[in-house]
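Down below is the structure, laid out as structure tokens.
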Amino acid sequence: MDYKFNEIEAKWQMYWAENKTFAAKTDPSKPKYYVLDMFPYPSGAGLHVGHPLGYIASDIYSRYKRLQGFNVLHPMGYDAFGLPAEQYAIQTGQHPHKTTIENINRYRSQLDRIGFSFDWDREVRTCDPPYYKWTQWAFLKMFDSWYNTESDSAEPISELVARFEEDGNQKVKAACGDVPVFTASEWNGFSDKEKADILMQYRIAYQGETSVNWCPALGTVLANDEVKEGLSVRGGYPVEQKKMKQWQLRVSAYAGRLLDDLESLEWSDALKEMQRNWIGRSYGAQMVFKVINPDPADGSKFDRTYDMEIFTTRADTVFGVTFMVVAPESDWVEKLTTASQKEAVDEYIRQVKKKTERERIAETKTVTGVFSGSWAVNPFTEEKVPVWIAEYVLAGYGTGAIMAVPAHDSRDYAFAKKFGLKIIPLIEGCDVSEESFDAKEGIMTNSGFLSGMSVKEAIPAAIEEVERRGIGHRTINYRLRDAIFSRQRYWGEPFPICYKDGIATPLPESALPLELPEVDTFKPAGGEPPLARAKNWTYEGYPLEKSTMPGFAGSSAYYLRYMDPHNDKALVSTEADHYWRNVDLYVGGTEHATGHLIYSRFWNKFLYDLGYVCEKEPFKKLVNQGMIQGRSNFVYRVKNTNTFVSCGLKDNYDTTEIHVDVNIVYNDRLDIEAFRKWRPEFEDAEFILEDGEYICGWAIEKMSKSMFNVVNPDNICDTYGADTLRLYEMFLGPVEMSKPWDTKGIDGVHRFLRKFWRLFFGGGEGLEDFTLSDDEATPAELKILHKLIHKVETDIESFSYNTSVSAFMVAVNELGALKCNKRKILEPMIVLLSPFAPHIAEELWQMCGHSESISYAAFPVYHEEYTREDTFDYPVSFNGKTRFKITLSKTVSKGDAEKAVLAAPETAKYLTGPVKKVIVVPGRIINIVV
RNA sequence: GCUCGGGUGGUGAAAUUGGUAUACACGCCGGACUUAAAAUCCUGUGGACAGAAAUGUCCGUACGGGUUCGAUUCCCGUCCCGAGCACCA
């Protein structure tokens, strides 16, 4: 009987759906296991073979855990809000909801073909109002909270108000914006508007004026992780810096916890490192420098002096400060510019503003700057140093001002060289004539009381002195900034915020979800977001916020929603949260390292602070699947002809390289007939062949429509079946590794499944019937089985699925050679294979007489005694070089092995001198040192 | 520039983490079946040298050194590839 994978796969996919085989129920009597995939954005292009890689890996793990008796939660859903649907809508006028639903349906049918064990009853879509109700709810909670840095936790804003009324804000330690100090009576005297403005500075979701990434082409602001090299990640449009009032999330308040808690996670070191870099903690000191503006540009006749605060990690180098620098965007520019320098400074600022972010990055090597006219006083040397304005200092990091130590910082050095500023070396024996000495090592010199100390000693000593003088203090700075939370777009969650007399006011929870209104067209409305087009976009007569939330809003807590997806009273019930807790295994790409994976952790910690969830971290273990790249094929057209020359001969002609659809190429051989039909202009193409075939060239590129290298999993399922696709994707290499898709080896995997099938049908000569024998298994057969159980179990635990597939192939070949058709061997084999190739497993399992799905079977138990070797060929080596083998019992003792080897007749042959040492590693090797 | 990964046959890749390097698969060579092809099955397949042959010897995990009885694995240096960050003071 043939292995008819198409019939088998359709049959079991229907069975699983009808019987809800994979529905997870909250069942405290069973241990839980939560396996999650990063849910996809349903793009118009559909799935290609790269997308399911991670889903297959996690599905194998889910099915394996289920066989081990765990109550497995393995859901799937869609990250359905997003820019592409909106841009498509602007172009075509189609409602993004409509195209999104169409794309989701397409994804669903493609996913169903591959036979995943998802619990579809728990599906979520971020664009569904019952879902985004809880995204909006979380925003309201953040709006209604502040971050107490004493308790290191988010707390309700009402408690903060109570403290203000009682005591003012002097004693409040919070992560907040700039707020003046006020007393209780001052607070109580403030107007509603003044109070609202102050509270806004404390909220975790707050509105603030900052420099943002503004993308004119997309007409929206973007978060830092949505911008790369000055271009938008989506679309690659230029991005500029612009000061705007935007909603933001105070992610920076959580920087320390986000960094520290990484320790407890089972994530790859590479990913943890990426997050560490992104959060960027540096230990240092904040220090005040007196600054004097001798001739203020505002026409005042008097000197102005200020306290300018800077951040440094090298407090030990204060003695080498020869100038100060402030960022061009900083408020200091206005205060420090002197009348005589005003013209030069204005011109410089104008130049800087003109540059796009991209130009600024491209020109990092050109040093620019202008003297402000003001002078600072070095607190340790009392020396006066000039204050400059320069682009290389960033307004957003630290205080936007620095002390410059050209001898020991390469950027300061470049600046000093360009503008002829003094360079004072502080480390004994360092040479700063060509470049700065940046390393934190050596002995201090020229440094007053620090001279003679090592750098490691000098840093804390300098900070101590700073603290003693009361001009600064030890501090920690983070690179992580608050997340910009508003987008000037249509296709996202509306903010549950209205404006009463200009005061941002939250809607009551009962008004949620605040549904997205209809608009006639999705384009921005003049300078305003598309929601400005909505008729009557008000709440109780008050105008509603017109921007929407960014993509990461809906994906930040979706893993919680899966635990209790139909609950309309809470994001997740306490009962469900306490049972499912957090994600045990999360599978997805590295591209979310500094976006979603930071935001989700932040979101979770916030909910944890408020007591809504019981775990500090959302994703315990994380596996990053590699990208599957495309393998493009080329044909070579001889210039100005319609003749195509085979790859091996192309150097003899002047040719143009043309991408050809990989679906009409087989093992780099072009299907000429299909090529002629592919495009009308190739209908009468001529070919110059080699050995009667047209060989195509190839290259590894990103899998994309424009390269004609997209391989659709549906096609693979048609010709080989889903089980082959699943096995093959795993067989390609380790899940974490990026690799090009190459269909070359797929026959081998398919052949393996046929061989496995044949074990049940080819028992005797010419037998076509299903035959299983109930005979006892032989030791040889048991050994094959148990070796495999052990291998598969350890491989699945460590995500080495590729070697598991190899082990299956070996076992099937060995059993085939033994003509083994014994139930006692083959039934456990089916169970072992079922996570990898579930359809064929279900079919054979049923044929074996089981009425229940194989998902409810138990994973076979490994017995070591079946695989233990009785004897072992010990390689006997002399000084590490193998000479012969000796067969000994595997349990032989060290002493016995030594004796046996020395007594062996071959030994004498190879002994060239007296035996110095005999090394025996039991079960491995014997080495004789002579 | 800084930080992480990596470099093993013609190809994708294994190697119980210091113990017989190249499992498994693709490709290729040869063979069986066939009028023929496809499909299927079997055999061989790192390199060099020696031999009629079985077989044997030497060299081989990017390169150069080191530790060790023994190194793909550990240490030092060099080269190359990939990823991330990039004026973060």
Side-chain angles (χ1 to χ4, degrees), chain A residues 228-229 268-282 284-285 310-314 317 325 327 360-361 363-367 390-394 396-405 408-412 414-415 438 477-481 590-591 593-594 624 626-627 667-668 727-728 731-734 736-752 754-755 758 790-791 794 800 802-811 813 816 872-882 885 916-930:
Chain A
K228 242 174 210 175
E229 290 172 5
S268 72
D269 290 337
L271 201 87
K272 284 190 194 178
E273 194 60 29
M274 250 188 254
Q275 290 215 338
R276 279 190 205 109
N277 287 342
W278 190 258
I279 296 167
R281 170 151 64 193
S282 34
I310 57 100
F311 172 76
T312 181
T313 53
R314 294 292 303 270
T317 60
V325 188
R360 233 180 122 158
I361 288 164
E363 291 169 14
T364 46
K365 278 173 193 82
T366 28
V367 180
E391 271 185 289
Y392 84 93
V393 170
L394 306 175
Y397 184 77
T399 60
I402 62 150
M403 61 176 216
V405 186
H408 302 291
D409 182 288
S410 52
R411 296 153 304 183
D412 297 345
F415 196 80
D438 290 16
N477 230 307
Y478 293 96
R479 205 187 76 107
L480 186 71
R481 317 255 189 99
T590 1
E591 65 272 21
T594 52
N624 288 118
M627 291 258 287
N667 287 344
D668 290 340
L727 276 169
Y728 184 58
F731 184 66
L732 229 41
E736 298 91 336
M737 192 187 283
S738 284
K739 56 233 153 186
W741 176 263
D742 190 345
T743 320
K744 252 188 208 161
I746 200 165
D747 290 303
V749 171
H750 188 65
R751 215 167 286 155
F752 153 72
R754 308 264 285 260
K755 281 185 195 169
R758 224 179 299 137
H790 188 58
K791 179 76 180 145
T794 52
S800 310
N802 52 330
T803 52
S804 270
V805 179
S806 297
F808 274 117
M809 290 176 175
V810 173
N813 281 340
F872 184 79
D873 284 343
Y874 285 76
V876 179
S877 48
F878 291 81
N879 294 339
K881 293 200 172 168
T882 309
K885 281 172 192 162
K916 280 188 196 149
K917 204 168 25 164
V918 180
I919 294 152
V920 177
V921 181
R924 292 250 181 268
I925 201 161
I926 294 169
N927 190 30
I928 300 173
V929 187
V930 287

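Proteins get letters first, then strands, A, B, ... in listed order; numbering begins at 1 in each.
Using the Watson-Crick or G-U wobble rule with both distances under 3.5 Å, B:G46 pairs with B:C59. Nucleotide B:A36 is matched to nothing when pairs are restricted to Watson-Crick or G-U wobble geometry with both distances under 3.5 angstrom. B:G5 is paired with B:C81 under the criterion used here, namely a Watson-Crick or G-U wobble arrangement in which both key atom distances are under 3.5 Å. The nucleotide B:A25 finds its pairing partner in B:U11, both defining distances of the Watson-Crick or G-U wobble pair being shorter than 3.5 Å.
Closest non-hydrogen pair, A:D412 versus A:A404, comes out as OD2-CA, 3.3 Å.
Residue A:S282 places at least one side-chain N or O closer than 4.0 Å to OP1 or OP2 of B:A89. At B:A14, one or more side-chain N or O atoms of A:N802 fall inside 4.0 Å of OP1 or OP2 (strictly under the cut-off). Taking only side-chain nitrogens and oxygens, A:Y874 never comes nearer than 4.0 Å to OP1 or OP2 of B:U20. Within the structure, a side-chain polar atom (N or O) of A:N813 is placed less than 4.0 Å from OP1 or OP2 of B:A25. The side chain of A:R751 contributes an N or O atom lying less than 4.0 Å from OP1 or OP2 of B:U40. Remark: A:R276 is not in phosphate contact with B:C85, judged by side-chain N or O atoms under 4.0 Å from OP1 or OP2.
Among the atoms of the strands shown, only primed sugar atoms or phosphate atoms (P, OP1, OP2) are found under 4.0 Å from some heavy atom of A:K755. A:M403 comes within contact range of no nucleotide atom at all, as no heavy-atom separation falls under 4.0 Å. As judged by a 4.0 angstrom heavy-atom cut-off over every strand, A:V325 is placed among residues making no nucleic acid contact. In this structure, A:P740 reaches neither bases nor backbone, as no heavy-atom distance under 4.0 Å exists between it and the strands shown. The residue A:I919 sits close to a base: some heavy atom pair falls under 4.0 Å. Nucleic acid contact for A:D412: none, since no nucleic acid atom lies under 4.0 Å from a heavy atom of the residue. Residue A:N624 is out of contact with every strand shown, counting any heavy-atom pair closer than 4.0 Å.
Rounded to whole angstrom, the span from the CE atom of A:M274 across to the P atom of B:C2 amounts to 19 Å. At whole-Å resolution of the value, NE2 in A:H750 and P in B:C24 are 21 Å apart. Taking atom CE of A:M737 as the reference point, atom P of B:G5 lies 15 Å away to the nearest angstrom. A:R479 has its CZ atom 12 Å from the C1' atom of B:C87, to the nearest Å.
Picking from B:A89, B:C41, B:A23 the nucleotide with the shortest atom distance to the side chain of A:R758 gives B:C41. Comparing B:A25, B:C85, B:A13 against the side chain of A:P734 picks out B:A13 as the nearest. Which of B:A14, B:C26, B:A25 sits closest to the side chain of A:K744 comes down to B:C26. In the set B:A15, B:A86, B:C4, B:A86 carries the atom at the smallest distance from any side-chain atom of A:W278. Here the nucleotide nearest the side chain of A:K739, chosen from B:A13, B:C87, B:C24, is B:A13.
Checked by atom type, the side-chain pair A:S410/A:D438 shows a donor-acceptor distance below 3.5 Å.
Under the 90° criterion around 0 for the glycosidic angle, B:U17 counts as syn.
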